[in-house]
Amino acid sequence: MSNITKDLSLFNELVEILINEESKSPVAERIDASKLYDTIDLSLDHSPMIDEEFKSLLSTILVSTPKTATNLFFNQLFGGRQSKAVLGDLLAVLLNNSMYTYKVAGPQVGIEQEIIRKSCDLVGYGSQSNGTFPTGGSMSNYMALVMARDAKDPSSRLDGVTEPMVIYTSKESHYSNAKNASFVGIGRNNIRYIEADSYGRMIPEKLEQQIKEDIENGGIPTYVNATAGTTVLGAFDPVDKIADITEKYNIWLHIDGAYCGSVLFSEKYKHLLKGVERSNSFSYNAHKMLGTPLTCSIILVKDKRHLYNSFSNDADYLYQTDGDDFNLGKTSFQCGRRNDALKFWTLWKSIGTNGLKKIVEKQFDLANVALNYIKNNSDYTLYSFDDSISICFNYKDIDPTVLCTALYEHQITVVGFGSFKENTFVRLVTINANNEQQDILNFFNVLEEFVAKNPKLSRIKEKSM
Ligand SMILES: *Cc1c(COP(=O)(O)O)cnc(C)c1O
């Protein structure tokens, strides 16, 4: 047997162990961070480890690692496991191409381009559009900002930023916006955080007011980052109204759909993106709502010339054959780039666009199960809104930070907390489309049982108002 065949049969054995463990104990046995190196032997030594010990160590590591695919993991904006996507990712690892040239990636180039083309069609971007697969949603925001900067002042590519550029996003947007402002040379002090309404959506009137003020003060409005699915509440900024403003003042509009941009695939929920075709760029993470393995992030650009202008560089040692349309390195931030497209393609191909729609709509169905449960139970206070898969609540006025940490430390369920304006709450994310109604009800059940057994959990009510 070749080494790879042997190792793949070991892989299969380990998969068996993991799957079994996931159903037996959906929350991994937690190792206190301070005891990690004493609990598992992670040391790297001079001599090799013998096979049997190696296997047993790997299986220990597997069962101790947080289990993100189970029905009690609600902590993050990803979860579950779409097996056809896992299959594609495993094949991508075996093939080990790099996506920069057709010479090295062959048909994988077409696979990536087909996803981008179909996504552009869904957005309504037209024939001049294209895109790429960045390393994630943060990088998508970054690439959009670089294009916006270069579009506003082409000389900034050569001379750096010399104009007083100003950029805009909502107070509820992703934190990568702040870092990106610094990386791109515009500076953190030149972001304006626009106030959100009571639903967590950017207020367009406030945006316009701020733009006018900046222009009066000699600033150059360059970029607006609107969010489709804010990280805490899952709110959708009003794209159409924001586009009225960015068109009027000639500002690049990027839609950060990392979390919920995949509503693109649902006729029922696509209206949440109304006006998206008017944006200059749009990004979404297939590893969030669509459930592919991390990472699978896509940025689409209405006019592909911006991608080339900002990201291509001549490199004779690399681009030796085939045209620009097949040498994807010309539109990428990276040089070597892993194949993030194949896993999305195997999923999409095997279940169709209709299947992707079902994955998206299932999450809203599960969110409604949670919403109804909370609304019908007076021990709960609700903080989130309709059309969101982030269900935010408090239970019996228990401090949510204390509750979430206790649930995690006792290996009950993994869920996080968030804040909006003056409130802090538990945030249940129903993004795992493998879950069913009973899994959501079970979440509330284990939470309530845990609280009943731990009456000492502190209460927020007592803090002075
Ligand atoms: C998750 C998220 C991001 C960041 O995406 P990464 O792939 O984790 O870098 C950006 N914006 C929003 C709204 C997100 O929810």
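Whatever order the structure lists ligands and atoms in, that order sets their numbers, starting from 1. No hydrogens, no waters, no symmetry mates; every other heavy atom, side chains included, goes into these values.
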Going by the angle between their ring planes, with limits at 30° and 60°, are Phe78 and Phe73 parallel, tilted or perpendicular?
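Rings of Phe78 and Phe73: tilted, as their planes differ by 30° to 60°.
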Is the [X] to [Y] ring centre distance short of 6.0 Å?
X	Y	answer
Tyr380	Phe444	yes
Tyr373	Phe393	no
Phe443	Phe74	yes

For ligand 1, what are the residues with a heavy-atom contact below 4.0 Å?
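Heavy-atom contacts below 4.0 Å: Leu77, Gly136, Gly137, Ser138, His174, Thr227, Gly229, Thr231, Asp256, Ala258, Tyr259, Asn285, His287, Lys288.
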Any side-chain to backbone donor/acceptor pair from Thr430 onto Gln363? Under 3.5 Å, distance only.
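Here the side-chain-to-backbone pair exists.
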Glu436: what forms a salt bridge (Lys or Arg N to Asp or Glu O under 4.0 Å) with it, not counting sequence neighbours?
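Scan of Glu436 (salt bridge (Lys or Arg N to Asp or Glu O under 4.0 Å), adjacent residues dropped) gives Lys362.
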